[in-house]
Amino acid sequence: MNMRFRHLGLAWVWQLALLSVLAGSVGAAEPPAGFVGKNEWLFYRYEFAEPEHATEIKKSVQLIRDFSKVLGEHGTQLVVAMVPLKIRVYAEHLPDDVKLNDTTLNQYANTLDLFRSNGVFTVDLNTAFLNSPKRNSDTPLFFRLDTHWTPSGAMVAAETIKAGLYANPATKAAAEAMPEVAYNIKVAPRKRASRGRDLITVLPPNSPVFAPEMVAQVNVIPVQAGTTPLVGDVPIPEFAVVGSSYSRDWTGFVDAMRYVFQRDMVSFAVGADQGSWVGMETYLREDTYKQKHPKILIWEMPERDMRAPPDYKFRESRYISSNAAWLTRVSGLVKAETGH
């Protein structure tokens with residue numbers, strides 16, 4: 001039986017509107033969050049980076065560094081996988097009068113260097129996306145009408161994460177020591193209208209009408225023999241993916257991870273309203289984590305979240321925390337005794 005852990009959070013269809021907190025206090029004079037590019041590509045205005053974001057990014061990296069150390073002391077290898085900005089990956093579809101500044105162009109690489117200099121295991125999805133032969137194919141890596149990656153993008157991300165883990169002898173050994181679970185992949189012969197169209201909801205008034213994108217459904221199916229075991233008989237996987245809405249079931253990312261690793265995984269995802277920091281803390285409070293700490297923990301985090309550490313003042317007040325308090329809480333949850 002495929003062991004999955006789902007978060008019963010807010011529906012994905014209105015999460016994008018809440019992403020505007022990452023831009024600061026949005027008032028009536030603010031332009032719409034979405035805008036129209038070339039070739040019917042839509043983009044999210046608040047992906048653009050500014051030099052002043054560097055201070056908050058540094059805070060986030062240092063917090064994750066300290067959190068990673070605590071995890072490592074208790075047998076868990078943290079792997080950070082930042083989702084690159086769509087406006088960078090598909091910059092050629094931006095309007096002619098919209099250019100990426102140097103900060104936006106270089107933010108991923110600079111953050112990656114900062115992670116690595118702080119000893120945090122990180123994989124480079126940005127380079128993989130920019131160089132992927134699928135980037136300009138008929139199966140692009142991001143939806144035209146949505147902020148999220150497509151099944152193709154999710155698969156490129158999963159393949160890149162595996163390559164990163166397997167390039168390191170210790171993490172390769174840890175992954176290969178986990179029980180194998182055979183998965184097959186099946187691509188539907190016909191394309192269907194995608195549910196990924198969140199940017200349409202934040203376009204300026206009187207924007208064009210866009211037909212749904214047609215996408216071939218990708219199904220990852222476990223190969224199971226015999227009878228299906230009871231839920232209580234299924235061991236909790238020692239591989240976990242904690243992420244944002246990019247890790248929701250409908251994106252296919254966690255299934256892509258299962259397929260490329262041929263291992264089952266615990267998955268936990270929250271929406272943009274709660275954010276990556278609340279998502280990780282919530283996962284650590286759940287029985288799935290308490291009963292068995294994972295050997296490998298993938299933290300999928302949108303690149304834009306890096307400039308919004310726990311104390312970011314523009315998110316909902318109930319989700320704001322001092323950075324030090326967040327680290328104290330998550331460290332305590334990691335150090336708590338497990339049930340195995």
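Both backbone and side-chain heavy atoms feed into the values below; hydrogens, waters and symmetry mates do not. Sequence positions, counted from 1, serve as the residue numbers for this chain.
Under the 4.0 Å criterion applied to side-chain N and carboxylate O atoms, R135 and E92 are assigned as salt-bridge partners. Between D255 and R258, at least one side-chain nitrogen of the basic residue sits less than 4.0 Å from a carboxylate oxygen of the acidic one, meeting the salt-bridge criterion. Ion pairing between E286 and K290 fails under the 4.0 Å rule for side-chain N and carboxylate O. Between D96 and K38, at least one side-chain nitrogen of the basic residue sits less than 4.0 Å from a carboxylate oxygen of the acidic one, meeting the salt-bridge criterion.
The two residues G164 and V123 make their nearest non-hydrogen contact at CA-CG1, 4.2 Å. The two residues W149 and A157 come nearest to each other via the heavy atoms CZ3-CB, 3.6 Å.
Between the side chains of T201 and D198, not a single donor N or O lies within less than 3.5 Å of an accepting N or O. In this structure, a donor-acceptor pair under 3.5 Å is present between the side chains of S321 and R329. No side-chain N or O of H53 forms a donor-acceptor pair with one of T103 less than 3.5 Å apart.
Figure legend: cation-pi geometry between K162 and Y166, with NZ or CZ positioned under 6.0 Å from the six-membered ring centre and within 45° of its axis.
Less than 6.0 angstrom separates the ring centroid of W326 from the ring centroid of F67.
Residue R88 forms a side-chain hydrogen bond (donor to acceptor under 3.5 Å, both in side chains) with just one option from E303, E47, Q107, and that option is E303.
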Task: Step-by-step side-chain contact (heavy atoms from CB on, under 4.5 Å) determination, V70 to D66 - done: CA-CA 7 Å; V70 174; D66 294 344; 5.9 Å; no

